[in-house]
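Okay, so here's the structure we're looking at.
All values derive from a computational prediction rather than experimental measurement.
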Amino acid sequence: MHKVPPQTMTDTESASPIGRTQRRLLRRIYNGRTVPIIADGKDFLTYKAAIKYLEALEPDARDVVYEEMKASAKHGKAPSAQF
């Protein structure tokens, strides 16, 4: 009988500066999104785009942008366009 090894993080997850809890929340926020989230003056429609941008930031800036993403998702809307 073969034992199933415990599930482990992938190499990209373990090398990422973004924690598992943050990744899970971001996946939920961006799942099926049709309206982009505005954070740090940029719009993010997909989880992959958000993670890629966050990983490129310094730790302090990353925390600020992550909080902006959470707040924007919590309010459920992007800033309105000015005409």
Side-chain angles (χ1 to χ4, degrees):
M1 184 177 229
H2 295 285
K3 282 189 173 182
V4 176
Q7 200 168 24
T8 59
M9 291 195 293
T10 63
D11 289 339
T12 56
E13 286 177 336
S14 61
S16 175
I18 300 167
R20 183 173 185 230
T21 304
Q22 290 174 320
R23 283 180 171 279
R24 291 181 71 193
L25 178 63
L26 289 171
R27 281 189 194 276
R28 280 187 250 131
I29 288 172
Y30 286 100
N31 184 26
R33 180 161 289 280
T34 58
V35 177
I37 289 178
I38 309 298
D40 202 26
K42 299 175 181 1
D43 59 334
F44 301 95
L45 187 59
T46 65
Y47 166 80
K48 285 185 178 184
I51 287 293
K52 185 176 180 180
Y53 183 73
L54 288 170
E55 287 178 339
L57 296 173
E58 294 295 322
D60 291 339
R62 182 181 313 122
D63 293 340
V64 171
V65 175
Y66 173 76
E67 291 300 325
E68 283 182 50
M69 288 178 179
K70 277 182 21 181
S72 182
K74 188 175 185 177
H75 296 300
K77 59 184 175 183
S80 59
Q82 298 292 326
F83 292 100

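A side-chain donor from one of Arg23 and Tyr47 sits under 3.5 Å from a side-chain acceptor of the other.
Interatomic distance, CG of Asp40 versus OH of Tyr66, reported as 16.0 Å (0.5 Å rounding). Expressed to the nearest 0.5 Å, how far CG of Asp63 lies from CD of Gln22 amounts to 6.5 Å. Annotation: the span from Arg27 atom CZ to Ile51 atom CD1 amounts to 7.5 Å, rounded to 0.5 Å. For the atom pair CD1 of Ile18 and CD of Glu55, the computed distance is 4.5 Å after rounding to the nearest 0.5 Å. Going from atom NZ of Lys52 over to atom OG1 of Thr46 covers 10.0 Å, rounded to the nearest 0.5 Å. Of the inter-residue distances, the one linking Leu45 atom CG with Ile37 atom CD1 reads 9.0 Å to the nearest 0.5 angstrom.
Under the 4.5 Å side-chain criterion, counting only non-hydrogen atoms from C-beta, Met69 is not in contact with Ile38.
The ring of Phe44 has its center closer than 6.0 angstrom to the ring center of Tyr53.
In summary, Arg62 and Glu68 do not engage in a salt bridge, as defined by a charged side-chain N under 4.0 Å from a carboxylate O.
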